[in-house]
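Accompanying notes for the structure given below.
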Amino acid sequence: QVQLVESGGGLVQAGGSLRLSCAASGRTFSSHAMGWFRQAPGKEREFVATINWSGSRTYYADSVKGRFTISRDNAKNTVYLQMNSLKPEDTAVYYCAAYSGSLYYTPRLHREYDYWGQGTQVTVSS
């Protein structure tokens with residue numbers, strides 16, 4: 001139905017920036033809300049950011065507000081996560097996810113999403 005592939009992760013020093021990309025295929029991309037989650041070793045996946053189907057509404061975890069920006073380009077079937085002022089505590093595997101439910105809801109819980117990518121590693125050194 002929907003296949004997601006993340007890219008753009010890597011190693012960066014604290015204070016640096018990275019832009020993650022998530023390429024979607026297999027179904028109409030514009031019909032899905034999209035989210036970014038992250039998971040550090042020994043911890044559960046946590047919400048980072050989400051964007052509704054049209055890109056008109058976004059939500060962020062308090063820990064990344066003012067530093068991260070989620071966006072999407074439906075013509076390219078791609079969602080982005082621009083990460084600025086990175087901190088060591090941002091180190092994690094970052095996953096993108098797609099929601100196939102109601103257009104009136106933009107979920108922020110990982111169990112609400114229907115499709116997941118394989119993740120991309122982000123490591124921030126101090």
Side-chain angles (χ1 to χ4, degrees):
Q1 322 80 288
V2 175
Q3 299 176 48
L4 306 173
V5 180
E6 303 96 335
S7 63
L11 176 64
V12 64
Q13 290 188 351
S17 298
L18 286 172
R19 188 177 76 159
L20 306 184
S21 299
C22 178
S25 63
R27 191 167 176 166
T28 303
F29 180 71
S30 61
S31 66
H32 298 278
M34 300 289 295
W36 284 98
F37 293 78
R38 65 188 183 186
Q39 186 170 23
K43 297 184 178 181
E44 294 186 342
R45 290 187 187 184
E46 65 174 342
F47 168 75
V48 175
T50 188
I51 187 167
N52 75 337
W53 69 274
S54 68
S56 63
R57 186 180 297 273
T58 60
Y59 300 96
Y60 298 92
D62 289 342
S63 60
V64 306
K65 285 181 179 178
R67 299 189 298 121
F68 292 9
T69 303
I70 188 171
S71 62
R72 68 191 299 163
D73 185 342
N74 288 342
K76 299 177 66 175
N77 295 327
T78 302
V79 63
Y80 304 96
L81 185 68
Q82 178 66 47
M83 305 186 294
N84 298 326
S85 301
L86 283 162
K87 305 174 181 180
E89 50 263 45
D90 295 318
T91 296
V93 177
Y94 283 71
Y95 299 89
C96 66
Y99 175 68
S100 63
S102 174
L103 290 174
Y104 304 103
Y105 184 58
T106 307
R108 281 163 275 187
L109 299 175
H110 67 87
R111 63 177 176 269
E112 296 178 297
Y113 283 82
D114 302 291
Y115 308 102
W116 292 86
Q118 294 300 307
T120 185
Q121 177 71 48
V122 172
T123 302
V124 184
S125 62
S126 60

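Scope of the values below: all heavy atoms of this structure, side chains included, with no hydrogens, waters or symmetry mates. Keep in mind it's a predicted model, so treat the numbers as computed, not measured.
Note that NE2 of His110 is 9.5 Å distant from CD of Glu112, once rounded to the nearest 0.5 Å. The OG atom of Ser71 sits 7.0 Å away from the CZ atom of Arg19 when rounded to the nearest 0.5 Å. Between the CG atom of Leu86 and the OG atom of Ser125 there is a distance of 10.0 Å, given to the nearest 0.5 Å. Rounding to the nearest 0.5 Å gives a distance of 9.5 Å between CD of Gln121 and CG of Leu11.
At least one side-chain heavy atom of Tyr60 sits less than 4.5 Å from a side-chain heavy atom of Ile70. For the pair Arg45/Trp116, a side-chain contact is recorded, criterion being any heavy-atom separation below 4.5 Å from C-beta on. A heavy-atom distance below 4.5 Å is not found between the side chains of Met83 and Val48. Between Leu4 and Tyr95 there is no side-chain heavy-atom pair separated by less than 4.5 Å. Between Val124 and Glu89, the closest side-chain pair of non-hydrogen atoms is not below 4.5 Å.
For Thr78 (side chain) and Lys76 (main-chain N/O), a donor-acceptor pair under 3.5 Å exists by modelled atom type. A side-chain donor-acceptor contact under 3.5 Å links Glu6 to the backbone of Gln118. Under a 3.5 Å cut-off, the side chain of Asn52 and the backbone N or O of Gly55 do form a donor-acceptor pair. A donor-acceptor pair is defined here as one N or O able to donate and one able to accept, closer than 3.5 Å; no such pair exists between the side chain of Tyr99 and the backbone of Thr106. Distance alone, capped at 3.5 Å, places no donor-acceptor pair between the Gln82 side chain and the Thr69 backbone.
With Tyr59 as the aromatic partner, Arg108 meets the cation-pi criteria of under 6.0 angstrom to the ring centre and within 45 degrees of the ring axis.
Val122 and Tyr80 fall into different hydrophobic clusters, where Ile, Leu, Val, Met, Phe, Trp and Tyr are joined by side-chain heavy atoms under 4.5 Å apart, directly or via other members. Two different hydrophobic clusters hold Ile51 and Val5 under the rule that ILVMFWY side chains link at heavy-atom gaps under 4.5 Å.
Using a 4.0 Å cut-off between charged nitrogen and carboxylate oxygen, Asp90 and Lys87 do not count as a salt-bridge pair.
Below 30°, between 30° and 60°, or above 60°: for Tyr94 and Phe68 the angle between ring planes is between 30° and 60°, a tilted geometry.
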